[in-house]
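Here the structure is laid out as structure tokens; the discussion comes afterwards.
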Amino acid sequence: VTMDETLALVESYMAAPRLHQIATVNPEFVMAAQTDDEFRRVLEAADLCLPDGVGLLYAARRYGRRLPERVPGSELVYRLAERAAERGWPLFLLGAAPGVAEAAAAILTARYPGLRVAGCYAGTPAVAENEALVARINASGAALLYVAYGAPQQDKWIARNRDALTTVRVAIGVGGSLDFVTGRA
Ligand code: UDP
């Protein structure tokens, strides 16, 4: 899919009452999934795996399949925030170092007036913290969730919690994107 097709798919996901998982796949994901069975299953079960890295386009072509374009997570975080502001989807930012999600939220709300930030929380992907994070996100009423724990933890985290997250319709592993938004990386 193209970036525009991705946005259209997200619109349809928002209308279906369950969590949809999006992964932003780069060559490191593909290599890791060769040996990490859990990660491979998570990617295979995801609703949408986007080609984040140009290496995916080259590899696909080599195997006789053309992917239309890169759909980088670092760009998607802006495009989806813009769409969320237009549609009123509350956005929750989970992960990154303490304070980064809050700073990213401030930048995104300044850029996209009307954006509703349901919550920001660094937390950790540790299993012990799982229940508390899910409770916090459910209480926020978030429809769109960015998870910035890096791969594969972020993607496993989403897959593990897809049934427990009752209000989230679209969850996406965004890697270091919040660090890019805030200029930290
Ligand atoms: N991160 C985190 N908690 C962790 C591990 C990572 O919040 O236990 C965050 C880290 O601060 C960074 C992001 O996850 O914002 C991972 O970024 P990285 O660039 O490593 O991920 P990639 O984009 O390569 O998947």
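Quick caveat: nothing in here was measured; it's all calculated off a predicted structure.
- If you chain together hydrophobic residues whose side chains sit under 4.5 Å apart, Trp89 and Leu9 fall into the same group.
- Taking both residues in full, the closest heavy atoms of Ala96 and Ala122 are given as O-CB, 3.4 Å, listed atom of the first, atom of the second, then distance.
- Considering only residues two or more places apart in sequence or on other chains, Glu11 meets the salt bridge (Lys or Arg N to Asp or Glu O under 4.0 Å) condition with Arg83, Arg87.
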For this session: Before giving the answer on side-chain contact (heavy atoms from CB on, under 4.5 Å), spell out for Asn130 and Trp157 the whole-Å C-alpha distance, their side-chain angles and the decisive distance to 0.1 Å.
Result: CA-CA 8 Å; Asn130 211 88; Trp157 192 94; 3.6 Å; yes
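- When each of Leu7, Thr6, Val71 is tested with Arg79 by the rule side-chain contact (heavy atoms from CB on, under 4.5 Å), just one qualifies, namely Leu7.
- Atom OG1 of Thr167 and atom CD1 of Ile137 lie 8.5 Å apart (nearest 0.5 Å).
- The shortest non-hydrogen separation linking Ala101 to Cys120 is O-SG, 3.7 Å.
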For this session: Show your reasoning for whether side-chain contact (heavy atoms from CB on, under 4.5 Å) applies to Leu50 and Leu48.
Result: CA-CA 6 Å; Leu50 297 169; Leu48 187 59; 3.8 Å; yes
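- Taken from CD in Glu82 to CG in Leu76, the straight-line distance is 11.5 Å, to the nearest 0.5 Å.
- When side chains are defined from C-beta on, Val1 does not count as touching Glu69, because their heavy atoms never get closer than 4.5 Å.
- A single hydrophobic cluster is not seen to contain both Ile107 and Leu94; linkage of ILVMFWY side chains at heavy-atom distances under 4.5 Å, directly or through other members, places them apart.
- Residues Phe180 and Tyr112 are members of separate hydrophobic clusters, defined by side-chain heavy-atom contacts under 4.5 angstrom among Ile, Leu, Val, Met, Phe, Trp and Tyr.
- Few gaps surround CD on Glu129; more than 12 heavy atoms of other groups in view lie less than 6.0 Å from it.
- For an aromatic pair to be called close, the ring centres must be under 6.0 Å apart, and Tyr121 with Phe92 fails this.
- A chain of hydrophobic side-chain contacts below 4.5 Å, direct or via other Ile, Leu, Val, Met, Phe, Trp or Tyr residues, connects Val174 to Ile22.
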Exercise. Step by step, would you call Leu144 with Arg169 a side-chain contact (heavy atoms from CB on, under 4.5 Å)?
Worked result: CA-CA 6 Å; Leu144 177 62; Arg169 295 290 170 260; over 6 Å; no
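- Of all non-hydrogen atoms in Gly95 and Leu178, the two that sit nearest each other are O-CD1, 4.4 Å.
- In the hydrophobic clustering of this structure, Tyr78 groups with Ile172; members are Ile, Leu, Val, Met, Phe, Trp, Tyr whose side-chain heavy atoms approach within less than 4.5 Å, directly or through other members.
- With Asp179 contributing its side chain and Ala185 its backbone, the two residues share no donor-acceptor pair below 3.5 Å.
- Going from atom CG of Asp36 over to atom CE of Met31 covers 13.0 Å, rounded to the nearest 0.5 Å.
- For the atom pair Leu43 CG and Cys49 SG, the distance stands at 5.0 Å (nearest 0.5 Å).
- Remark: of the listed residues Val42, Leu165, Val147, Val168, Val147 is the sole one forming a side-chain contact (heavy atoms from CB on, under 4.5 Å) with Ile158.
- The shortest non-hydrogen separation linking Pro51 to Leu67 is CB-CD1, 3.9 Å.
- Sorted by first then second residue, the side-chain hydrogen bond (donor to acceptor under 3.5 Å, both in side chains) pairs that include residues 13-32, not counting sequence neighbours, are Arg18-Asp47.
- When side chains are defined from C-beta on, Arg116 does not count as touching Leu91, because their heavy atoms never get closer than 4.5 Å.
- Among residues at least two apart or in separate chains, side-chain hydrogen bond (donor to acceptor under 3.5 Å, both in side chains) pairs with a member in residues 132-149 are Asn138-Thr166.
- Two residues are said to be in side-chain contact when any heavy atoms from C-beta on lie closer than 4.5 Å; Leu145 and Val170 fail this criterion.
- Counting only heavy atoms from C-beta outward, the side chains of Leu56 and Phe29 never approach each other to under 4.5 Å.
- When all heavy atoms are compared, the tightest approach of Gly175 to Ala148 is O-CB, 3.4 Å.
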Exercise. Passes side-chain contact (heavy atoms from CB on, under 4.5 Å), Leu80 versus Val10? Steps please.
Worked result: CA-CA 9 Å; Leu80 280 180; Val10 169; 3.7 Å; yes
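- Note that CZ of Arg61 is 14.0 Å distant from CZ of Arg65, once rounded to the nearest 0.5 Å.
- Arg41 and Asp155 are not joined by a salt bridge, as no carboxylate oxygen comes within less than 4.0 angstrom of a charged side-chain nitrogen.
- If you take CZ on Arg70 and CG on Leu57, they are separated by 8.5 Å, rounding to the nearest 0.5 Å.
- Of all non-hydrogen atoms in Ser74 and Ser177, the two that sit nearest each other are CA-OG, 3.4 Å.
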